[in-house]
2 protein chains.
Amino acid sequence: MKLTSKGRYAVMALVDLARFDNINPVSLRDISLRQGISLDYLEQIFSKLKKNHIVKSIRGNQGGYVLSKNPNDIKLTNIFHAVDEKVKTVQCKKDSKKGCNGRATKCITHNLWDELENHINSFFEKKSLEDLIQNKKENRING
Amino acid sequence: MKLTSKGRYAVMALVDLARFDNINPVSLRDISLRQGISLDYLEQIFSKLKKNHIVKSIRGNQGGYVLSKNPNDIKLTNIFHAVDEKVKTVQCKKDSKKGCNGRATKCITHNLWDELENHINSFFEKKSLEDLIQNKKENRING
DNA sequence: TCTAAACTTGACCATTTTGGTCAGGTATGT
DNA sequence: ACATACCTGACCAAAATGGTCAAGTTTAGA
Ligand code: FES
Ligand code: FES
């Protein structure tokens with residue numbers, strides 16, 4: 001079970017973006033340099049974030065991206081959903097009665113994996129971008 | 001983030017095994033047929049389970065595998081650890097002060113991923129094989 | 001108006017991981 | 001002796017990952 005870089009980068013980039021308080025658009029180039037993420041890869045990620053209305057783009061010189069919502073309204077769930085980072089504990093479809101590999105029934109551990117999936121998703125539903133900035137501020141005060 | 005088949009199969013197979021109450025050894029062939037898992041693949045998995053003292057093997061005719069501990073003492077953590085199914089939310093080493101991709105410091109979201117990892121692992125530490133058999137029995141009574 | 005900065009799109013690709021298969025063994029109960 | 005079942009290790013195809021590369025389009029500002 002591992003978290004892919006795409007999901008991790010998406011959150012990192014948005015936290016970086018959120019720190020600038022939406023006053024000026026932030027260029028991907030800046031995020032790329034600060035966070036050490038390939039610019040080309042960031043472009044792929046932000047294209048998806050934009051399609052999912054998490055960020056807005058401002059084209060042209062001095063352009064860049066801004067958050068399109070309040071950081072409190074952007075949950076990790078939304079971000080992960082936008083970049084196709086899904087939690088998958090099973091291979092069989094939820095709505096189907098069939099099991100994995102096309103077997104006739106669900107397997108004996110099926111409930112367990114459902115529980116696990118819910119357990120993980122609940123973490124993503126609770127955390128918002130705001131929480132991550134808060135932590136940042138706390139860290140700055142404490143450190 | 002997905003759970004690999006290896007981890008899923010390991011748990012499935014052990015639940016199957018645990019249902020037979022350790023009286024007679026259970027052959028991988030039987031588990032393979034009942035659970036729909038390739039025999040050759042099961043052998044790889046059980047080799048690791050054996051090395052980690054989760055099961056014992058009995059060779060020869062009428063041989064097979066038995067649990068080497070009480071189902072209550074076998075947590076999902078132990079099983080996953082045995083088959084190298086790890087939870088990895090980051091790429092950087094925990095003990096190192098360096099960040100991912102060999103960067104000098106940890107990234108701004110590092111704490112978050114640590115939290116996530118702990119959140120997931122806590123699920124695996126709580127659940128034992130016994131819990132899964134219990135559920136099975138309950139299901140049989142209720143259904 | 002021209003140009004550089006920055007967004008946009010989509011094809012492409014090397015490496016790694018996954019989820020196995022295959023071909024041989026070896027041990028042991030009957 | 002022979003069938004059953006464990007054991008070992010090599011091998012492999014397909015998918016996912018984590019990008020790169022090329023060729024644009026849009027717009028601010030000189
Ligand atoms: S997880 Fe799909 S059938 Fe059990
Ligand atoms: S996760 Fe490795 S540096 Fe942040």
Side-chain angles (χ1 to χ4, degrees), chain A residues 1-10 12-13 17 24-33 35-52 54-66 68 80 83-92 100-102, chain B residues 1-13 17 24-52 54-66 68 80 83-92 100-102:
Chain A
M1 292 217 88
K2 58 179 123 164
L3 185 69
T4 66
S5 290
K6 183 149 46 180
R8 210 155 7 90
Y9 287 170
M12 279 173 67
L17 191 55
N24 296 311
V26 179
S27 75
L28 291 191
R29 188 177 149 75
D30 287 352
I31 297 179
S32 165
L33 289 173
Q35 305 302 329
I37 305 169
S38 139
L39 177 59
D40 287 316
Y41 202 26
L42 271 180
E43 280 170 352
Q44 283 182 45
I45 292 170
F46 271 75
S47 158
K48 296 186 179 188
L49 292 175
K50 190 188 170 185
K51 272 181 197 142
N52 284 270
I54 291 172
V55 296
K56 279 184 288 197
S57 70
I58 291 136
R59 305 187 68 153
N61 198 345
Q62 301 301 318
Y65 286 92
V66 283
S68 64
F80 281 173
V83 299
D84 303 310
E85 171 87 47
K86 308 168 206 169
V87 177
K88 284 198 68 165
T89 56
V90 299
Q91 301 210 312
C92 47
C100 293
N101 322 334
Chain B
M1 292 218 86
K2 59 178 120 161
L3 186 68
T4 65
S5 291
K6 181 148 47 178
R8 211 156 5 92
Y9 287 169
V11 176
M12 278 173 68
L17 191 54
N24 296 312
V26 179
S27 74
L28 292 190
R29 189 179 146 74
D30 286 354
I31 297 180
S32 165
L33 291 173
R34 277 195 294 261
Q35 305 303 330
I37 305 168
S38 140
L39 176 59
D40 286 316
Y41 202 27
L42 270 180
E43 280 171 352
Q44 283 182 45
I45 291 170
F46 271 74
S47 158
K48 296 186 180 190
L49 291 175
K50 191 189 169 186
K51 272 182 198 144
N52 285 270
I54 291 172
V55 296
K56 278 185 289 199
S57 70
I58 292 137
R59 303 187 68 152
N61 198 345
Q62 301 300 319
Y65 286 92
V66 282
S68 63
F80 281 172
V83 299
D84 303 310
E85 171 87 46
K86 310 167 206 169
V87 177
K88 283 198 69 166
T89 56
V90 297
Q91 301 209 313
C92 48
C100 293
N101 323 333

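The chains referred to below are lettered A, B, ... by the order of the sequence lines, with proteins before strands, and numbering in each begins at 1. Just the heavy atoms: all of them, side chains too, but no hydrogens, waters or symmetry mates, feed the values below.
For the pair B:Q62 and B:P25, the tightest heavy-atom approach, listed with the atom from each and the gap, is O-CG, 3.6 Å. Shortest non-hydrogen contact noted between B:K48 and B:V83 is CD-CA, 4.1 Å. B:L28 and B:L42 make their closest contact through O-CD1, 3.7 Å (heavy atoms, listed as atom of the first residue, atom of the second, distance). Contact between B:V90 and A:R8 at its shortest, heavy atoms only, is CA-NE, 4.1 Å.
To the nearest 0.5 Å, atom CG of residue A:L39 and atom CG of residue A:D30 are 10.5 Å apart.
Of the residues in residues 38-47 of chain A, A:S38, A:D40, A:Y41, A:Q44 come within less than 4.0 Å of DNA chain D through at least one heavy atom, sorted by number.
Of the side-chain N and O atoms in B:S57, none sit less than 4.0 angstrom from OP1 or OP2 of D:dA5. Distances shorter than 4.0 Å separate none of the side-chain N or O atoms of A:S5 from OP1 or OP2 on D:dT17. At D:dT17, none of the side-chain N or O atoms of A:T4 fall inside 4.0 Å of OP1 or OP2 (strictly under the cut-off). In this model, the phosphate group of D:dG19 is approached by a side-chain N or O of A:Y9 to a distance below 4.0 Å at OP1 or OP2. Neither OP1 nor OP2 of D:dA16 sits under 4.0 Å from any side-chain N or O of A:K2.
When heavy atoms are screened at a 4.0 angstrom cut-off, B:V55 is found touching no nucleic acid atom at all. Within 4.0 Å (heavy atoms only), B:K51 reaches no atom of the nucleic acid at all. Using a 4.0 Å heavy-atom cutoff across all strands shown, B:K56 reaches no nucleic acid atom at all.
Mapping B:G64 and B:Q91 onto DNA chain D by nearest heavy atom places B:G64 at the nucleotide closer to the 5' end.
Rounded to whole Å, atom C1' of C:dT18 lies 13 Å from atom CG of B:L3. A straight line from CG of A:N24 to C1' of D:dA28 spans 14 Å, rounded to a whole angstrom. Between B:D30 atom CG and D:dC6 atom C1' the separation is 14 Å, expressed in whole Å. Look at NZ on B:K48: it is 13 Å from C1' on D:dT8, rounded to the nearest Å. C:dC2 atom P lies 18 Å from atom CG of A:N61, rounded to whole Å. Between B:L49 atom CG and D:dT8 atom P the separation is 13 Å, expressed in whole Å. In this structure, B:K6 atom NZ and C:dT18 atom C1' are separated by 8 Å, rounded to whole Å. Atom-to-atom, CE of A:M1 to P of C:dT18 comes out at 12 Å; the value is rounded to the nearest Å.
Taking the six-membered ring for Trp and thresholds of 30 and 60 degrees, A:Y65 and A:F46 have ring planes inclined between 30 and 60 degrees apart.
Below the 3.5 angstrom threshold, one finds a donor paired with an acceptor across the side chain of A:R59 and the base of D:dT25.
In terms of modelled atom types and a separation under 3.5 Å, the side chain of A:S68 and the main chain of A:I54 share a donor-acceptor contact. Formation of a donor-acceptor pair under 3.5 Å by the B:S32 side chain with backbone atoms of B:I37 is found in this model.
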